[in-house]
Amino acid sequence: MHLGDASKAPALGGIVVALVAMIFTSPSVASQKIYLSIGLRVGAYVHEATPCGQASNATLMWYDGRYFSAGRLPNVAPRPAKGGGWTGSYRNPEDGTRETVSIVLRGPTRFTWRSRWGRFAYRFCPNPSLPGMWRGMTPREYVE
């Protein structure tokens, strides 16, 4: 086929559409797409000093590709911060005040969470390494 052969264009267009659909519905590519949304892997995170097998409500944080959540923490959607990194906010369930956090990525499986309560470093824990009660809680990729 040469570029001037219009009779072949519809067939070629269909192939391109099929390839694009395959790429964007493939689980590995869908994961990468979500994973690259802020550069952090989807899943469970624990305080760096806590072994994955000893994760608890007090040490776990979840990231589903769209929100961070933990214990009684409402969902926090990261958004770009001035000067780099990420920021988020939520209404404190204890007293109703607006809390702001900063999120600094330290690679695709580590981040630091800073709030008025302090600075907390987290690392990714694969689902099988978590205590049994938490394994079913690990988020899947968020896909709209």
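FYI, the numbering just counts along the sequence from 1. If you're wondering where the values come from, they're calculated on a predicted model, not measured in any experiment.
The 12-atom threshold is exceeded at CZ of Arg98, counting heavy atoms of other residues, nucleotides or ligands nearer than 6.0 Å. Heavy atoms of other residues, nucleotides or ligands lying less than 6.0 angstrom from CZ of Arg116 number more than 12.
Under the 4.5 Å side-chain criterion, counting only non-hydrogen atoms from C-beta, Tyr122 is not in contact with Leu40. Counting heavy atoms from C-beta outward, Phe68 and Pro78 have side chains that approach closer than 4.5 Å. Side-chain contact check for Trp113 versus Arg119: every heavy-atom pair is 4.5 Å or farther apart. Contact check for Val104 versus Arg114: side-chain heavy atoms found under the 4.5 Å cut-off. Considering only heavy atoms from C-beta on, Val101 stays 4.5 Å or farther from Thr87 through its side chain.
When all heavy atoms of Asp95 and Thr97 are compared, the closest pair comes out as OD1-OG1, 2.7 Å. Of all the heavy atoms in Arg135 and Asn127, the pair that sits closest is O-OD1, 2.7 Å. Between Val76 and Gly88, the shortest heavy-atom distance links the atoms CG1-CA, 3.8 Å. Taking all atoms of both residues into account, the shortest heavy-atom contact from Tyr90 to Pro74 is CD1-CD, 3.7 Å. What you find for Ala44 and Leu60 is that their closest heavy atoms are CB-CD2, 4.2 Å.
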Quiz prompt | Steps toward side chain to side chain contact (heavy atoms under 4.5 Å, CB included) verdict (Ile38, Trp86) | solution = CA-CA 8 Å; Ile38 72 165; Trp86 301 90; 3.6 Å; yes

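Not a single donor-acceptor pair under 3.5 Å links the side chain of Ser129 to the backbone N or O of Cys52. Within the 3.5 Å criterion, the main-chain N or O of Glu48 finds a donor-acceptor partner in the side chain of Arg123. Judged by distance alone, with hydrogens and angles left aside, the side-chain atoms of Arg72 form no donor-acceptor pair with the main-chain N or O of Pro93 at under 3.5 Å.
If you take SG on Cys125 and NE2 on His47, they are separated by 11.5 Å, rounding to the nearest 0.5 Å. Interatomic distance, CH2 of Trp134 versus OG1 of Thr59, reported as 8.5 Å (0.5 Å rounding). Atom CE in Met61 sits 8.0 Å away from atom CD1 in Ile103 (nearest 0.5 Å).
Comment: Glu99 does not engage Arg91 in a salt bridge, judged by the lack of any side-chain N to carboxylate O separation of less than 4.0 angstrom.
Grouping the Ile, Leu, Val, Met, Phe, Trp and Tyr side chains by contacts below 4.5 angstrom, directly or via other members, places Leu105 with Tyr63.
Taking the centre of each ring, Tyr67 and Trp62 stay at or above the 6.0 Å mark. Ring centroid separation for the pair Phe111 and Tyr45 comes in under the 6.0 Å cut-off.
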